[in-house]
Asks: 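Please see the structure below; I have some questions.
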Amino acid sequence: MRLTLTTPVSQIAMNGSPSHHLDRPVDSRHDHVLGPDGADLTLVEYGSYACPYCRAANEEVAKLRDRFGDRLRYVFRQRPITGSDLARRAADVAELAGDEKHFWRAHVELMSRSHDLVEDDLGAVARDVGLPQGTEDVERARTRVDDDIASARASGVRATPTFFINGRRYDGPWDVASLSEAM
């Protein structure tokens with residue numbers, strides 16, 4: 001495939017060809033999922049806790065979930081901002097959660113605790129949610145983040161947030177009206 005100057009950089013996969021599809025299907029045994037497996041619509045977000053756009057999109061996703069109810073399955077996959085140690089450690093903190101309930105609690109706190117993610121947020125969230133700190137747990141969390149980063153790369157994700165609707169990348173605005181219309 002030939003790339004032109006009009007091909008968005010965000011659509012170029014590692015092999016140089018545009019990627020418009022999710023590299024691996026959603027699996028509730030591995031992914032963080034809100035909503036029923038049999039939902040008509042699946043919205044996958046690759047995001048970073050240190051990304052101001054992801055933090056704003058978090059509010060829009062909550063509105064979408066309210067609007068669509070059980071018709072929507074929402075999935076969050078980690079894609080920490082490249083080169084940000086704080087973003088990577090925040091993703092690791094969220095992945096320390098032993099179950100979905102604690103993950104989503106950590107997720108919401110990391111996205112909304114302060115206007116911008118700061119160092120103090122990581123320790124506070126880990127304490128508030130009661131996340132484990134054992135070596136095995138930390139390695140499991142890091143591996144999970146690494147898996148999501150690899151999935152993002154294979155899916156052609158270059159920026160956060162990046163959304164996929166029913167397995168196909170959505171490149172439009174991520175406000176409630178635009179996402180609702182696309183779904």
Side-chain angles (χ1 to χ4, degrees), residues 3-24 26 30-32 43-62 74-97 102-129 131-164 169-175 179:
L3 299 177
T4 65
L5 293 177
T6 59
T7 303
V9 173
S10 66
Q11 292 182 7
I12 302 171
M14 292 301 286
N15 64 5
S17 63
S19 174
H20 299 284
H21 298 282
L22 204 54
D23 80 305
R24 63 178 159 92
V26 172
H30 179 75
D31 286 308
H32 298 294
L43 179 67
V44 176
E45 176 186 358
Y46 285 93
S48 174
Y49 297 111
C51 169
Y53 303 108
C54 295
R55 295 167 79 77
N58 184 61
E59 294 176 24
E60 300 301 302
V61 168
Y74 170 65
V75 178
F76 185 83
R77 290 182 180 171
Q78 305 288 350
R79 202 310 197 149
I81 294 173
T82 304
S84 170
D85 181 58
L86 183 62
R88 173 57 198 239
R89 287 186 293 120
D92 291 343
V93 164
E95 293 301 336
L96 280 170
H102 288 97
F103 168 81
W104 287 110
R105 186 169 161 209
H107 173 83
V108 168
E109 285 196 38
L110 285 166
M111 284 293 189
S112 61
R113 189 171 188 282
S114 57
H115 184 268
D116 296 312
L117 184 70
V118 296
E119 187 70 38
D120 290 346
D121 292 336
L122 304 184
V125 169
R127 279 189 307 279
D128 291 350
V129 178
L131 299 177
Q133 298 296 317
T135 304
E136 278 182 28
D137 298 312
V138 171
E139 285 305 312
R140 178 190 52 79
R142 286 183 183 151
T143 298
R144 183 149 184 177
V145 173
D146 289 343
D147 289 348
D148 280 358
I149 291 169
S151 172
R153 189 174 298 121
S155 298
V157 173
R158 293 285 183 253
T160 55
T162 295
F163 292 100
F164 288 79
R169 190 175 53 234
Y170 169 75
D171 288 323
W174 36 262
D175 60 278
L179 278 166

Asks: The criterion is salt bridge (Lys or Arg N to Asp or Glu O under 4.0 Å); which residues satisfy it with Asp31, sequence neighbours excluded?
Replies: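 For Asp31, the residues satisfying salt bridge (Lys or Arg N to Asp or Glu O under 4.0 Å) (neighbours in sequence not counted) are Arg24, Arg77.
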
Asks: Pro173: what forms a side chain to side chain contact (heavy atoms under 4.5 Å, CB included) with it, not counting sequence neighbours?
Replies: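 Only Tyr170, Asp175, Ser178 meet the side chain to side chain contact (heavy atoms under 4.5 Å, CB included) criterion with Pro173.
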
Asks: Report the residues that fulfil side chain to side chain donor-acceptor pair (under 3.5 Å) with Ser112, sequence neighbours left out, ordered by chain and then residue number.
Replies: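 Once residues adjacent in sequence are excluded, Ser112 has no partner under the side chain to side chain donor-acceptor pair (under 3.5 Å) criterion.
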
Asks: Restricting to side chain to side chain donor-acceptor pair (under 3.5 Å), what partner residues turn up for Glu109, sequence neighbours left out?
Replies: none

Asks: Rounded at 0.5 Å granularity, tell me how far CG in Leu96 sits from NE2 in His102.
Replies: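 Going from CG on Leu96 over to NE2 on His102, the span is 12.0 Å.
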
Asks: Not counting sequence neighbours, list each pair that qualifies as a ring-ring contact (aromatic ring centres under 6.0 Å, His included) and has a residue in residues 138-161.
Replies: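 Matches after skipping sequence neighbours: none remain.
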
Asks: Once you round to the nearest 0.5 Å, how far does CG of Leu117 lie from SG of Cys54?
Replies: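 Interatomic distance, Leu117 CG to Cys54 SG, rounded to 0.5 Å: 11.5 Å.
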
Asks: What residues form a side chain to side chain contact (heavy atoms under 4.5 Å, CB included) with Arg140, not counting sequence neighbours?
Replies: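 Scan of Arg140 (side chain to side chain contact (heavy atoms under 4.5 Å, CB included), adjacent residues dropped) gives Asp137.
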
Asks: Let me know which of Val145, Thr160, Asp85 forms a side chain to side chain contact (heavy atoms under 4.5 Å, CB included) with Pro80.
Replies: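 When side chain to side chain contact (heavy atoms under 4.5 Å, CB included) is applied between Pro80 and each of Val145, Thr160, Asp85, only Val145 qualifies.
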
Asks: Compare every heavy atom of Phe103 with every heavy atom of Ala94, then report the nearest pair and how far apart it is.
Replies: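 That closest heavy-atom pairing would be O-CD1, 3.4 Å.
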
Asks: Please enumerate all residues that pass side chain to side chain donor-acceptor pair (under 3.5 Å) together with Trp104, with sequence neighbours excluded.
Replies: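 With sequence neighbours excluded, Trp104 shows a side chain to side chain donor-acceptor pair (under 3.5 Å) to Glu100, given in chain and number order.
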
Asks: For Ala87 versus Ser84, what's the shortest heavy-atom pair and its separation?
Replies: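 So the minimum-distance heavy-atom pair works out to N-OG, 3.0 Å.
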
Asks: Can you name the salt bridge (Lys or Arg N to Asp or Glu O under 4.0 Å) partners of Arg88, sequence neighbours left out?
Replies: Asp92, Asp146

Asks: For Arg79 and Ser48, which heavy atoms make the closest approach, and how far apart are they?
Replies: O-CB, 3.4 Å

Asks: Test side-chain contact (heavy atoms from CB on, under 4.5 Å) on Glu139 and Arg142; report intermediate values, then the result.
Replies: CA-CA 5 Å; Glu139 285 305 312; Arg142 286 183 183 151; 3.4 Å; yes

Asks: Working to the nearest 0.5 Å, report the span between OG1 of Thr162 and OH of Tyr53.
Replies: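 Going from the OG1 atom of Thr162 to the OH atom of Tyr53 covers 13.0 Å.
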
Asks: In terms of side-chain heavy atoms, does His107 have a donor or acceptor partner in Tyr49 at a distance below 3.5 Å?
Replies: yes

Asks: Under the rule for side chain to side chain donor-acceptor pair (under 3.5 Å), what residues qualify as partners of Glu119, not counting sequence neighbours?
Replies: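 Checked Glu119 against side chain to side chain donor-acceptor pair (under 3.5 Å); matches are Arg89.
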
Asks: How would you list, by chain and number, every residue that makes a side chain to side chain contact (heavy atoms under 4.5 Å, CB included) with Ala56, sequence neighbours excluded?
Replies: Trp174

Asks: Who are the side chain to side chain contact (heavy atoms under 4.5 Å, CB included) partners of His21, not counting sequence neighbours?
Replies: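 Partners of His21 under the side chain to side chain contact (heavy atoms under 4.5 Å, CB included) test: Arg168.
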
Asks: Main chain of Ser114, side chain of Arg55: is a donor-acceptor contact present, judged purely on distance under 3.5 Å?
Replies: yes

Asks: Decide side-chain contact (heavy atoms from CB on, under 4.5 Å) for Leu110 and Leu122; before the verdict, give the C-alpha distance in whole Å, the side-chain angles of both, and the deciding distance to 0.1 Å.
Replies: CA-CA 8 Å; Leu110 285 166; Leu122 304 184; 4.0 Å; yes

Asks: Can you tell me how far apart CD (Glu45) and CG (Leu179) are? Round to the nearest 0.5 Å.
Replies: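 With rounding to 0.5 Å, CD (Glu45) is 9.5 Å from CG (Leu179).
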
Asks: Using the test ring-ring contact (aromatic ring centres under 6.0 Å, His included), find all partners of Phe164 that sit at least two apart in sequence or belong to another chain.
Replies: Tyr46

